[in-house]
Amino acid sequence: MLLEINDLGIAYGKAEPVVRHVSFTLDQGEILAIVGESGSGKTTVIRAIQHVLPGGGHIAEGTMIFEGEDTRKQSAEKHRSLDGKDVSMIFQDSGAMMNPIRPIGVQFREYLALHGMTDEKEAHQRMVDMLSMVRLPDPEQILKSYTFELSGGMRQRDEPTSALDVTTQAAIVKEMMEVRKKMNTAIIIVTHNMGVAAYMADRIMVMRQGRVVEYGKAEDVIYHPKEDYTKMLLAAVPVLGGETA
């Protein structure tokens with residue numbers, strides 16, 4: 001098993017945990033969708049996995065086992081070595097995560113160097129290959145560009161389903177599925193959109209107010225939901241004709 005989360009609790013400061021009793025597993029090549037409204041704890045869980053909780057946030061209880069090791073027992077140096085190489089998080093406002101006054105290629109190159117790729121020619125080819133993998137046109141030009149020069153859809157190759165029209169969203173989700181197929185990558189996608197979760201995920205975890213209210217195989221959650229909250233999310237998925245599913 002690639003990742004095992006057991007009874008995870010997350011707190012800020014000395015207060016009681018705001019997220020509690022989160023448990024799930026993720027194997028190589030699997031996709032887990034974490035679904036819920038804003039403030040349900042979805043992003044907090046993802047930040048905890050990478051040990052990048054803000055503002056005094058910390059893991060108060062539970063275990064996180066990544067590739068057989070309890071990450072709570074690992075050093076900060078070990079966490080840094082994994083982040084960006086073995087485990088990556090793409091934030092919702094992806095354009096704001098990069099320096100707007102430095103070319104994309106320069107920042108991309110620094111990231112590769114940080115993870116040991118020091119050969120200039122090899123690094124450049126890796127950058128071009130990765131941009132091509134998500135079907136961005138003219139990778140060479142993109143590497144010379146600044147973030148504000150890219151369209152919203154181009155930036156959203158990083159955060160695939162936020163603030164996009166449905167046509168662009170569908171294309172990018174398809175690209176993510178192809179990347180998973182080619183590289184056997186495990187993905188956790190955080191979304192409000194149950195339709196996206198139903199299309200992409202092998203498993204779905206529904207969160208509300210810091211708790212997991214439903215978790216299971218995607219087909220079970222979609223076709224046999226147990227909780228009223230899950231049923232409400234499913235009822236909000238639009239279908240052709242303006243009706244809801």
Side-chain angles (χ1 to χ4, degrees), residues 1-5 8 10 19 21-50 87-94 134 152-153 155-245:
M1 188 61 62
L2 181 67
L3 177 67
E4 297 179 65
I5 305 296
L8 183 68
I10 304 162
V19 172
H21 306 307
V22 175
S23 298
F24 64 85
T25 61
L26 183 70
D27 212 347
Q28 197 73 36
E30 285 188 337
I31 297 178
L32 168 70
I34 305 180
V35 184
E37 61 196 21
S38 296
S40 62
K42 305 184 304 295
T43 302
T44 300
V45 169
I46 300 303
R47 281 183 171 273
I49 291 171
Q50 289 208 250
V87 184
S88 296
M89 177 177 177
I90 308 302
F91 292 89
Q92 183 170 355
D93 188 1
S94 53
V134 290
R155 289 197 299 271
Q156 295 302 109
R157 260 59 174 190
D158 291 321
E159 205 289 317
T161 62
S162 171
L164 291 177
D165 63 82
V166 292
T167 302
T168 305
Q169 184 181 108
I172 294 174
V173 165
K174 183 179 179 181
E175 288 167 14
M176 291 182 65
M177 300 291 283
E178 289 178 358
V179 169
R180 187 269 291 265
K181 183 178 180 180
K182 290 178 181 178
M183 303 186 70
N184 200 31
T185 301
I187 298 173
I188 301 177
I189 181 166
V190 171
T191 181
H192 301 91
N193 191 325
M194 186 63 90
V196 169
Y199 177 76
M200 291 187 67
D202 300 296
R203 294 180 181 272
I204 295 175
M205 184 170 77
V206 182
M207 294 191 67
R208 188 183 192 191
Q209 297 177 347
R211 305 293 187 271
V212 176
V213 298
E214 193 143 6
Y215 169 67
K217 293 180 179 179
E219 58 267 31
D220 292 336
V221 174
I222 297 300
Y223 295 110
H224 306 288
K226 298 176 182 178
E227 300 295 324
D228 289 340
Y229 181 67
T230 306
K231 295 174 184 177
M232 181 187 73
L233 292 176
L234 288 166
V237 177
V239 296
L240 290 176
E243 299 176 355
T244 55

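Only this structure's heavy atoms are used, side chains among them; waters, hydrogens and symmetry mates stay out.
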Output all residues satisfying side chain to side chain donor-acceptor pair (under 3.5 Å) with [X], sequence neighbours left out; order by chain, then residue number.
X: E178; result: R135
X: Y215; result: none
X: R208; result: none
X: T230; result: E214

Is D27 reaching over with its side chain to a backbone N or O of E30, donor-acceptor style, under 3.5 angstrom? no
Check for a donor-acceptor pair, side chain of K42 on one end and backbone N or O of E37 on the other, with a separation under 3.5 Å. yes
The criterion is salt bridge (charged side-chain N to carboxylate O under 4.0 Å, His left out); which residues satisfy it with R203, sequence neighbours excluded? none
For E227, what residues pass the salt bridge (charged side-chain N to carboxylate O under 4.0 Å, His left out) criterion, not counting sequence neighbours? none
Which pair of non-hydrogen atoms, one from [X] and one from [Y], has the smallest distance, and what is that distance?
X: T191; Y: A197; result: CG2-CB, 4.4 Å
X: V87; Y: Q50; result: O-NE2, 3.3 Å
X: G41; Y: V19; result: CA-CG2, 4.1 Å
X: I5; Y: V22; result: CG2-O, 3.4 Å
X: D202; Y: G29; result: OD2-O, 4.1 Å
X: M200; Y: R180; result: O-NH2, 4.4 Å

Is Q209 close to S40 at the side-chain level, that is, under 4.5 Å between some pair of heavy atoms? no
Nearest-0.5 Å distance, CD1 of residue I31 to OG1 of residue T185: 9.5 Å
